[in-house]
*Asks:* 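Take a look at the following structure, please.
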Amino acid sequence: MNTAEAGRLLMHAAAFDNRQPSATAAEAWAAALHNIPYDQDALAAVARYYSTPPARPGDRLWVQPHDIRTHRAAIRDERLDGFVYEPQPGDENPKTYLRNLRQQKTLVAGGHRPAAVRPALPPAESDRMKGTLALVGRTIPDDETPTTISPLSVACPQCAARLGQHCKKAGHPTTTPHTARTRVANGEPGTDPNAERAAEQRRTAAAAYLDSLTAEERAELEAFQQQMRGAS
């Protein structure tokens, strides 16, 4: 925070302890809190300090910059209690995962929720949706036969859903079939060779990136993996 913001924070503290803020004090506080923003959490840190009784009667001192740091950090850490990472759509490699994890933690610590991102449809499903929308309002003659075969007419090679049953994703039935099932229903191989090659390239790139992680980044990644295993 800058000198003007530190001055406003001192004025806020004065409402509790009747101190007399000065320009000199504002400059000193700004220097001590140069990497702490002037925000609602900084103001809340003052209230938390004065709402907490001292260890011994008569030991209460005026709130100091280090108290602002300590209580503001505690406020933000409490919001992360029970934090669960929200995976983003698409394939996440370790680099994008760590970036997204830090962004989500910063948002949650600040009292916000990560924006929900609607996952994009796979190319095959996107094309099918466009074709379905094109038929809206169109009268289909009695002698017109469907040009596509329902994915439910075949077993799903990915989740083993039987004929006539919906696919399951994350253990729950979904009306959106797996891409492999759609391909088999249309007489295509269940696995797209190009997609397999792309997946292998992503795995190779992810392995190379893992080798380049620092010890701190590895520890952060392992801690998250342990959290996810515990949640499951």
Side-chain angles (χ1 to χ4, degrees), residues 80 82-108 112-210 220-232:
L80 291 172
F83 168 80
V84 177
Y85 176 71
E86 296 186 12
Q88 301 300 293
D91 295 324
E92 283 189 302
N93 57 44
K95 182 177 181 180
T96 57
Y97 155 71
L98 290 173
R99 184 185 66 241
N100 292 335
L101 176 64
R102 294 188 184 108
Q103 290 175 347
Q104 289 189 22
K105 279 190 170 182
T106 300
L107 285 171
V108 173
H112 307 285
R113 289 190 58 82
V117 180
R118 186 182 299 275
L121 288 173
E125 298 303 321
S126 178
D127 293 341
R128 176 164 307 200
M129 180 63 71
K130 292 177 182 177
T132 302
L133 293 175
L135 294 175
V136 173
R138 174 185 172 193
T139 301
I140 302 178
D142 293 338
D143 60 351
E144 185 170 345
T145 57
T147 57
T148 58
I149 301 175
S150 170
L152 300 184
S153 63
V154 298
C156 180
Q158 184 166 337
C159 67
R162 293 181 292 182
L163 274 67
Q165 292 184 339
H166 288 294
C167 288
K168 289 186 178 181
K169 296 182 180 179
H172 300 284
T174 175
T175 56
T176 303
H178 287 107
T179 302
R181 189 177 196 178
T182 301
R183 293 176 60 86
V184 171
N186 290 315
E188 303 173 10
T191 303
D192 184 353
N194 292 329
E196 281 295 308
R197 283 193 293 270
E200 181 60 31
Q201 291 174 353
R202 288 193 296 270
R203 286 191 290 267
T204 301
Y209 180 77
L210 281 173
E220 187 175 4
L221 183 59
E222 290 174 0
F224 172 74
Q225 291 173 338
Q226 292 176 359
Q227 176 187 352
M228 294 301 293
R229 286 193 291 269
S232 60

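Note that these values count all heavy atoms, side chains included, but never hydrogens, waters or copies made by symmetry.
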*Asks:* Please identify each residue that fulfils side chain to side chain donor-acceptor pair (under 3.5 Å) with E222, with sequence neighbours left out.
*Replies:*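 Not a single residue meets the side chain to side chain donor-acceptor pair (under 3.5 Å) criterion with E222.
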
*Asks:* For K105, enumerate each residue passing the side-chain contact (heavy atoms from CB on, under 4.5 Å) test, keeping only those at least two apart in sequence or located in another chain.
*Replies:*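 Scan of K105 (side-chain contact (heavy atoms from CB on, under 4.5 Å), adjacent residues dropped) gives L80, F83, L101.
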
*Asks:* Just how far is it from atom CD of E86 to atom CG of N100, taken to the nearest 0.5 Å?
*Replies:*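 E86 CD to N100 CG: 11.0 Å, rounded to 0.5 Å.
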
*Asks:* Side-chain contact, heavy-atom cut-off 4.5 Å: P157 with R181?
*Replies:*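 Yes. Closest side-chain heavy atoms under 4.5 Å.
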
*Asks:* Check side-chain contact (heavy atoms from CB on, under 4.5 Å) between Q201 and all other residues, then give those that pass, not counting sequence neighbours.
*Replies:*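 Not a single residue meets the side-chain contact (heavy atoms from CB on, under 4.5 Å) criterion with Q201.
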
*Asks:* For R99, check side chain to side chain donor-acceptor pair (under 3.5 Å) against everything at least two apart and list the hits.
*Replies:*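 Checked R99 against side chain to side chain donor-acceptor pair (under 3.5 Å); zero matches.
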
*Asks:* Write down the atom of P177, the atom of C167, and the distance for their closest heavy-atom approach.
*Replies:*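 Shortest heavy-atom separation between P177 and C167 comes out as CA-SG, 3.7 Å.
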
*Asks:* Apply side chain to side chain donor-acceptor pair (under 3.5 Å) to T96 and list each qualifying residue two or more places apart in sequence or on a separate chain.
*Replies:*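 Side chain to side chain donor-acceptor pair (under 3.5 Å) check on T96 returns N93.
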
*Asks:* What pair of heavy atoms forms the shortest contact from V154 to V184, and how long is it?
*Replies:*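 Heavy-atom minimum between the residues: CG2-CG1, 4.2 Å.
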
*Asks:* Would you compute the distance between atom SG of C156 and atom CG of L163 and round it to the nearest 0.5 angstrom?
*Replies:*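 Between atom SG of C156 and atom CG of L163 there are 11.0 Å.
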
*Asks:* Distance check, rounded to the nearest 0.5 Å: Y97 atom OH versus E220 atom CD?
*Replies:*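 Y97 OH to E220 CD: 6.5 Å, rounded to 0.5 Å.
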
*Asks:* Name all residues meeting the side chain to side chain donor-acceptor pair (under 3.5 Å) criterion together with Q103; count only those two or more places apart in sequence or in a different chain, and write none if there are none.
*Replies:*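 Side chain to side chain donor-acceptor pair (under 3.5 Å) list for Q103, sorted by chain: empty.
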
*Asks:* Find out whether H166 and L152 are in side-chain contact, i.e. whether some heavy atom of one side chain is under 4.5 Å from a heavy atom of the other.
*Replies:*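 Touching, per the 4.5 Å side-chain cut-off.
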
